[in-house]
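The figures here come from the full heavy-atom set of this structure, side chains too, leaving out hydrogens, waters and symmetry mates. Residue numbers count from 1 along this sequence.
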Amino acid sequence: MTAAARTLTSRNPADPSDVLVSIPAPDAFAAADAVERARAAQPGWLTGGAAARSAALGAVAAAIEAAADELAALAVREVGKPLAEARAEVARTVAIWRYHAQAPYEPSGAVHEPAVGPGLLLTRRRPHGVAGLITPWNFPFAIPSWKAAPALAAGNTVVLKPAPEATACARRLASLVEQALPADAFTVLPGGATEGNALVTAADVVSFTGSTTVGKAVARATTARGIPVQAEMGGLNAAIVLPDADIGQAAAHIAASIAGYAGQKCTATSRVIAVGAALDPLREALSEALRAATVGDPADPSTVCGPLINEHARDQVSAAWDGLSVLAGGTVPGLPGWYAAPTLVEKVSPGHRLLCEEVFGPIAALLPADNLAHAVRITNSVPYGLVTSVHSTGLDTVLHGLDQLDTGMIRVNAPSTGVDFHLPFGGAKASSHGPREQGRAALEFYTSSRTYTLSPAQTM
């Protein structure tokens with residue numbers, strides 16, 4: 001392998017000549033060493049007690065909050081996140097660490113009466129050891145945090161392998177976290193597939209967010225080792241609009257879910273299903289809303305749709321609309337970075353890649369449905385099942401159809417994007433593997449349950 005192939009380079013997607021990071025990549029041995037150092041630090045981190053862990057996580061939250069403006073600007077520069085969204089992500093990151101700072105005080109088990117005779121039966125949750133975290137570039141602070149914070153709160157130590165495109169963000173986050181924690185309790189391991197594979201083979205529990213192909217490989221490798229794994233992967237999310245919906249509101253929500261951050265979210269809307277009479281007014285309103293979405297410099301507070309993360313991603317999006325009936329967008333703005341205009345297409349044949357694959361960009365297909373049952377069948381027809389948004393003023397009708405949707409999350413009269421960090425996050429089918437993330441579900445994932453039987457000693 002050449003030296004160039006083992007160099008990690010991170011560029012500003014709005015200005016590719018701006019290189020944030022160019023460093024030699026570590027190797028598999030570095031990954032193994034990071035895990036061993038974390039494993040040696042884990043007993044002390046756990047036995048230091050709940051108060052110490054709570055204080056440390058609270059200190060992380062305070063440090064991130066104090067550096068909020070700097071972190072938001074870094075996300076804008078490194079991953080092209082529009083400034084408003086970057087600020088919101090940093091604020092959510094602070095909230096995540098504060099939320100999990102209380103977790104060390106939560107009950108870690110229960111006491112039960114024995115079936116017969118004296119004694120006690122106890123259940124207790126204990127940390128696995130070293131949590132190996134593999135995270136994407138699109139939420140460079142929030143996703144590492146919603147994995148690391150509960151893992152640390154439960155008494156694990158953490159080795160984080162971020163996406164190469166978010167190396168600078170991960171290193172800056174680490175500098176803030178490491179100030180509050182003991183040595184080697186939290187380590188960032190820059191790298192690519194080599195380092196990620198090594199981490200998967202060495203850690204005691206693995207949490208992954210990224211592509212479906214890689215996520216399935218991670219699940220196979222960890223399952224073969226017999227260790228816990230969660231993998232959050234792709235989405236091909238639908239928005240269902242019923243005839244009684246507030247069309248203007250629905251169009252605004254859906255446009256935000258298509259164009260926001262150039263559609264580079266696993267929860268972005270990529271299929272818009274208009275039921276019956278909703279089709280014509282929604283076509284007009286959504287097309288207008290997408291044309292109005294500001295495309296440009298992510299550092300501009302008014303920008304909604306910034307650049308794609310790299311040239312290949314931009315080319316994938318522009319190829320997806322080729323030959324289709326374009327209602328809005330379908331152009332590549334003449335800007336220095338890797339941009340694509342928010343795009344809505346219709347008359348898409350059933351076998352088209354837009355209806356079968358996740359195209360990670362600001363493009364969606366408008367599809368007609370005869371009724372709610374038909375819309376549900378269309379929604380469920382893809383391999384993924386992460387999130388569906390449903391738009392209607394008739395809650396009875398919505399509730400009747402919700403349970404038929406084969407998706408992990410359903411949002412009514414709201415964008416498909418956006419998550420509640422204190423509730424379980426995850427999907428169905430090819431979107432997710434293993435237990436849910438976030439909230440109390442995360443604490444359960446990063447611990448194993450033990451059952452203790454305490455019987456009185458027999459005396460002569």
Side-chain angles (χ1 to χ4, degrees), residues 10-18 20 61 63-96 136-143 145 165-166 168-170 172-173 176 248-249 251-269 285-310 313-314 317 328-329 331-344 360-364 414-419 421:
S10 176
R11 298 178 182 274
N12 179 346
D15 178 9
S17 66
D18 177 19
L20 283 83
I64 294 171
E65 187 171 45
D69 289 344
E70 175 204 344
L71 296 177
L74 183 58
V76 169
R77 183 181 170 208
E78 185 171 38
V79 299
K81 179 159 286 194
L83 181 58
E85 291 205 40
R87 287 171 173 165
E89 180 183 347
V90 174
R92 186 194 311 178
T93 301
V94 172
I96 288 167
W137 47 263
N138 58 340
F139 287 87
F141 301 121
I143 292 181
S145 293
E165 297 88 345
C169 287
R172 184 64 181 108
L173 176 65
L176 298 173
Q249 180 190 69
H253 286 162
I254 296 168
S257 298
I258 296 170
Y261 193 23
Q264 297 175 118
K265 305 175 186 179
C266 62
T267 54
T269 296
L286 183 54
S287 297
E288 182 179 349
L290 287 173
R291 285 192 288 266
T294 304
V295 181
D297 183 357
D300 186 332
S302 68
T303 293
V304 172
C305 185
L308 278 298
I309 190 64
N310 55 39
R314 191 270 315 280
V317 173
T331 61
V332 174
L335 297 169
W338 298 305
Y339 291 86
T343 299
L344 182 67
F360 213 52
I363 182 169
S416 62
T417 51
V419 298
F421 59 81

Closest non-hydrogen atom pair between [X] and [Y], with its separation:
{"X": "Gly296", "Y": "Thr303", "result": "O-CG2, 3.5 Å"}
{"X": "Thr267", "Y": "Gly418", "result": "OG1-N, 4.2 Å"}
{"X": "Cys305", "Y": "Ala340", "result": "SG-O, 3.8 Å"}
{"X": "Ser145", "Y": "Leu173", "result": "OG-CD2, 4.1 Å"}
{"X": "Gly263", "Y": "Ala268", "result": "O-CB, 3.7 Å"}
{"X": "Val419", "Y": "Arg92", "result": "CG2-NH1, 3.3 Å"}

Is [X] reaching over with its side chain to a backbone N or O of [Y], donor-acceptor style, under 3.5 angstrom?
{"X": "Glu85", "Y": "Pro82", "value": "no"}
{"X": "Thr417", "Y": "Ser257", "value": "no"}
{"X": "Glu78", "Y": "Ala168", "value": "yes"}

Does a side-chain heavy-atom distance below 4.5 Å link [X] with [Y]?
{"X": "His253", "Y": "Thr269", "value": "no"}
{"X": "Asn138", "Y": "Ile309", "value": "no"}
{"X": "Pro342", "Y": "Val295", "value": "yes"}
{"X": "Pro362", "Y": "Leu308", "value": "yes"}
{"X": "Ile64", "Y": "Val90", "value": "yes"}

Out of curiosity, [X] [atom1] to [Y] [atom2], how far, rounded to the nearest 0.5 Å?
{"X": "Ile254", "Y": "Leu290", "atom1": "CD1", "atom2": "CG", "result": "9.5 Å"}
{"X": "Ser287", "Y": "Leu344", "atom1": "OG", "atom2": "CG", "result": "5.0 Å"}
{"X": "Glu89", "Y": "Phe139", "atom1": "CD", "atom2": "CZ", "result": "6.0 Å"}
{"X": "Leu286", "Y": "Arg291", "atom1": "CG", "atom2": "CZ", "result": "9.5 Å"}
{"X": "Trp338", "Y": "Asn12", "atom1": "CH2", "atom2": "CG", "result": "8.5 Å"}
{"X": "Leu83", "Y": "Asp300", "atom1": "CG", "atom2": "CG", "result": "8.5 Å"}

List in chain and number order the residues that pass salt bridge (charged side-chain N to carboxylate O under 4.0 Å, His left out) with Arg11, two or more places apart in sequence or in another chain; answer none if no residue qualifies.
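None.
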Quick one: list whatever passes salt bridge (charged side-chain N to carboxylate O under 4.0 Å, His left out) with Arg77, sequence neighbours left out.
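Listed in chain order: Asp18.
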Passing candidate, side-chain contact (heavy atoms from CB on, under 4.5 Å) with Glu65, options Thr93, Leu71, Val94
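Passing option: Val94.
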Those residues that, when tested against Glu70, pass side-chain hydrogen bond (donor to acceptor under 3.5 Å, both in side chains) (two or more places apart):
Arg172
